> 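Provided herewith is a single structure, encoded as structure tokens, for subsequent inquiry.
Residue numbers count from 1 along this sequence. Remember, it's a predicted structure, so these values are computed and weren't measured experimentally.
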Amino acid sequence: MTEQDLDRLRAGSYLGRLDEHFAGLLARLDGGDFSPELFLAAALAARSTGQGNTCLDLQGLAGRTLEDEEGRPLLACPELDDWRLELEKSPVVGSPGEFKPLILDSKSRLYLHRYREYEETVGDSVRELAGLEAEDFDESRFAGSLARLFPQPEPDPRDRQRIAAACALTGKFLVISGGPGTGKTTTVAKVLALLLEQPGGTRLRVALCAPTGKAAARLQQAIRLARETLDCTPEAGRAIPDEAFTIHRLLGFRPDSSSCRYGPGNRLPYDIVVVDEASMVDLALAVRLVGALQPGARLILVGDRDQLSSVEAGSVLGDICGDAEVPGFTEEHVRRLGGAAALELEQLQRPRRPVAACVVQLNRSFRFGSQSGIGQLSRAVNCGDSRRALALLTSGDYPDISFCGAARPEALARSAGTRLVEGFREYLAAADHSRAHELFGSFRVLCPLRRGPYGVEALNALAERMLAGEGLIRPGERWYVRRPVLINRNDYGLGLYNGDVGLTLPEEDGELRVSFPGPDNTLRKFLPGRLPEHETVYAMTVHKSQGSEFDNVLLVLPENDSPLLTRELIYTAVTRARQRVEVLGSESVFLAAVSRRIARTSGLRDALWGDSS
């Protein structure tokens, strides 16, 4: 690679400084003559992890020309055979199992060593968990618990919630995936009660956790509400925990170091660990979690495999789910469970993939009926049917969905201003603090991007201008009455976590405090100066909205298409809305986004569902 080649990549903003420095270090460690092929592969592998991939797909890049965001050519990649040959000669590139900075596998996936190690650890752990069968269970007690906890107005031997319960009973690993309103959390609560009602079950220690503080709070609230209505024994009800943690807090993460209290040398003291919003769990966090489980402990992952993947590298939940819909069972389990609970179960096909017995995709929405525009729109987006999705939005047949054409940045105030004022007016007029929080949570502006005229920063500034123009707020200073803030960094000392939303409200003495919803409908109040890293939050990124729900959502798309606009992003944004969603953007950008899937490069799915290498 010549200096001119590097200059073109720099000019096209294709490589970051860290990518370039990493590649330069490996080129020096290589020790021989400068290898353009090695430098390019190392730089692209580093860049790839920053984009959420766990490895670089050489086969997909070989022979192609790298382009900048405007489609201008920057550099031609080597042909695959030549590229592999050059890399295999280097002392800094090894095969799986070797301790080298870069690892190249037989499918031409190039890893930074630690990410290959992470994938192997998670893959081995999931296969081991999936291959473990639970202790013998009481068939008659199972049948009785199932009848009480999962009552059926009409008999349905293919009820997927009941099938999830059967999976939990027979194995040590369970994945419950489903869209919004499919009853994932309710199913988990019932599954826990069923396990706890088995002989000796009340001695089982259960932990509830989620990736963010917001998601943990929602899980805690949902489990508490579900527990109040469960038709289970009092002992089982008392054994279901009423507190949920962030995964970092559960593991005892030490912010002053990269270590955790719990890990391979000090296992978590729980027999069942439930992880909600598992789509947000990145590969590095998954490694820490599976490494801290007690031998023989159950792991239950709950989430929506079709949502956005984690911000950091990896798509763990999606890779684990593969294309599974309904699990298969052994012949013995089909006989025992089918007879005891009148379930119609599929038998595993050979060759057996252990994970195939552990994944249940819930497909019945209790929130969105057949005539719901949001329900139909989310299904069309999820299937990649961009034309139908746009037709639904623009038809006017569904009062809960609508589409507004894009506006130039200078006209955005006119097209979005009324929506912003009406969306936030009620919370700004509420006299009661708790009521203000409730009303603020009913509406949110979502953006794919942070910067630019259609990004979060611009929309938050626009909201302040429009609300101030109506006399609803007075943002003369940074801290003003009713300013909403989003926490961006965990503070374990204060008990504030990434994703928490607070409102700046006056006390009786007139002094401002920022209040955050606490347990049991209480409010926790802090002086503004004590808050960890935070930002104003009339608008938030779609990524940040994961784990949250709002009555009404306004999704603002940028003027021009971007690789960041994907089917998963649109689906995630649409499904944050309980009652109504409006999309503001151009038709061409919307169509392109729904047609584009996130294609994260990973070897974990192959390791679990195909041939590992």
Side-chain angles (χ1 to χ4, degrees), residues 210 212-225 242-246 248-249 420-421 423-446 456 459-461 463-464 467-468 470-541 544-553 576 578:
T212 67
K214 181 72 173 178
R218 288 190 67 242
L219 172 63
Q220 178 173 297
Q221 181 183 29
I223 291 292
R224 286 181 177 182
L225 289 174
D242 61 359
E243 184 176 9
F245 307 94
T246 64
H248 285 87
R249 186 179 170 200
L420 292 171
V421 171
F424 294 116
R425 183 188 296 277
E426 285 193 69
Y427 105 83
L428 291 168
D432 179 74
H433 288 195
S434 295
R435 181 63 175 159
H437 274 278
E438 180 184 345
L439 291 170
F440 181 71
S442 68
F443 174 68
R444 195 73 80 249
V445 181
L446 302 183
V456 164
L459 266 294
N460 277 320
E464 287 186 326
L467 295 172
E470 293 288 321
L472 298 172
I473 62 172
R474 296 181 179 178
E477 298 181 0
R478 182 185 179 198
W479 290 103
Y480 56 87
V481 175
R482 302 301 170 105
R483 180 195 175 199
V485 295
L486 174 72
I487 299 299
N488 288 326
R489 180 174 54 81
N490 294 337
D491 188 319
Y492 294 93
L494 293 178
L496 292 175
Y497 304 102
N498 182 13
D500 286 351
V501 172
L503 294 179
T504 310
L505 298 166
E507 294 296 285
E508 291 182 1
D509 60 4
E511 190 169 9
L512 294 180
R513 295 285 193 280
V514 186
S515 63
F516 295 82
D520 303 320
N521 297 317
T522 59
L523 291 177
R524 303 169 61 234
K525 301 177 181 180
F526 302 88
L527 286 168
R530 295 190 65 199
L531 298 186
E533 181 183 319
H534 58 274
E535 63 183 310
T536 302
V537 68
Y538 297 103
M540 65 198 307
T541 63
K544 281 284 190 180
S545 74
Q546 290 189 96
S548 299
E549 291 178 348
F550 313 99
D551 290 340
N552 303 295
V553 163
R576 296 312 89 204
R578 287 185 290 254

> Measure from the side-chain N and O atoms of R224 to the backbone N and O of D242, and report whether any donor-acceptor pair falls under 3.5 Å.
yes
> With a sphere of 6.0 Å drawn around CD of E426, does it hold more than 12 non-hydrogen atoms of other residues, nucleotides or ligands?
no
> Taking the side chain as every heavy atom from C-beta outward, state whether L527 and W479 have any atom pair closer than 4.5 Å.
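A side-chain contact is absent here, since even the closest heavy-atom pair is not under 4.5 Å.
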> Are the side chain of R444 and the backbone of S548 linked by a donor-acceptor contact shorter than 3.5 Å?
no
> Is the shortest heavy-atom distance from the side chain of F443 to the side chain of F550 under 4.5 Å?
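F443 vs F550: side chains apart.
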> Carefully, step by step, assess L446 and M540 under the rule side chain to side chain contact (heavy atoms under 4.5 Å, CB included).
CA-CA 5 Å; L446 302 183; M540 65 198 307; 3.5 Å; yes
> Can you find a pair of side-chain heavy atoms, one from V481 and one from R474, that are under 4.5 Å apart?
no
> For residues 489-515, pull every pair meeting salt bridge (charged side-chain N to carboxylate O under 4.0 Å, His left out), keeping only residues two or more places apart or in separate chains.
E507-K525, E511-R513
> Where do L459 and A539 come nearest, in terms of heavy atoms and distance?
CB-CB, 3.8 Å
> What is the minimum heavy-atom distance between L531 and V485, and which atoms define it?
CD1-CG2, 4.2 Å
> Give the minimum heavy-atom separation between F526 and L494, together with the two atoms involved.
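It is CZ-O, 3.7 Å.
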> Taking the six-membered ring for Trp, are F424 and Y538 parallel (under 30°), tilted (30 to 60°) or perpendicular (over 60°)?
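It falls in the perpendicular class, over 60°.
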> Please give me the minimum heavy-atom distance between N498 and T212, naming the atom from each residue.
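In this case the closest contact between N498 and T212 is O-CB, 3.6 Å.
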> Between CG of N488 and NE2 of H534, what distance do you get to the nearest 0.5 Å?
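Here the rounded value is 9.0 Å.
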> Tell me the salt bridge (charged side-chain N to carboxylate O under 4.0 Å, His left out) pairs involving residues 526-537, sequence neighbours left out?
R450-E535
> Considering non-hydrogen atoms only, spot the tightest contact between P528 and L512 and give its length.
CD-O, 3.6 Å
> Do E464 and I473 make a side-chain contact, defined as non-hydrogen atoms from C-beta onward lying under 4.5 Å apart?
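E464 reaches I473 side chain to side chain.
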> Any donor and acceptor pair, going by atom type alone, linking the side chain of T541 with main-chain N or O of K544 inside 3.5 Å?
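Yes.
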> What's the separation between atom OG1 in T246 and atom CG in L219, rounded to the nearest 0.5 Å?
12.0 Å
> For residues P517 and V501, report the shortest heavy-atom separation together with the two atoms involved.
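In this case the closest contact between P517 and V501 is CD-O, 3.6 Å.
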> So if I apply the side-chain hydrogen bond (donor to acceptor under 3.5 Å, both in side chains) rule between S515 and each of R524, H433, H437, which one comes out positive?
H437
> Does the pair Y497 and H248 meet the rule for a side chain to side chain contact (heavy atoms under 4.5 Å, CB included), with working shown?
CA-CA 11 Å; Y497 304 102; H248 285 87; over 6 Å; no
> By side chain to side chain contact (heavy atoms under 4.5 Å, CB included), which residues pair with A436, not counting sequence neighbours?
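Residues passing side chain to side chain contact (heavy atoms under 4.5 Å, CB included) with A436: A430, R482, L503.
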> With the side chain counted from C-beta on, respond yes when D432 and E438 share a heavy-atom pair under 4.5 Å apart, and no when they do not.
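No - every pair of side-chain heavy atoms lies 4.5 Å or more apart.
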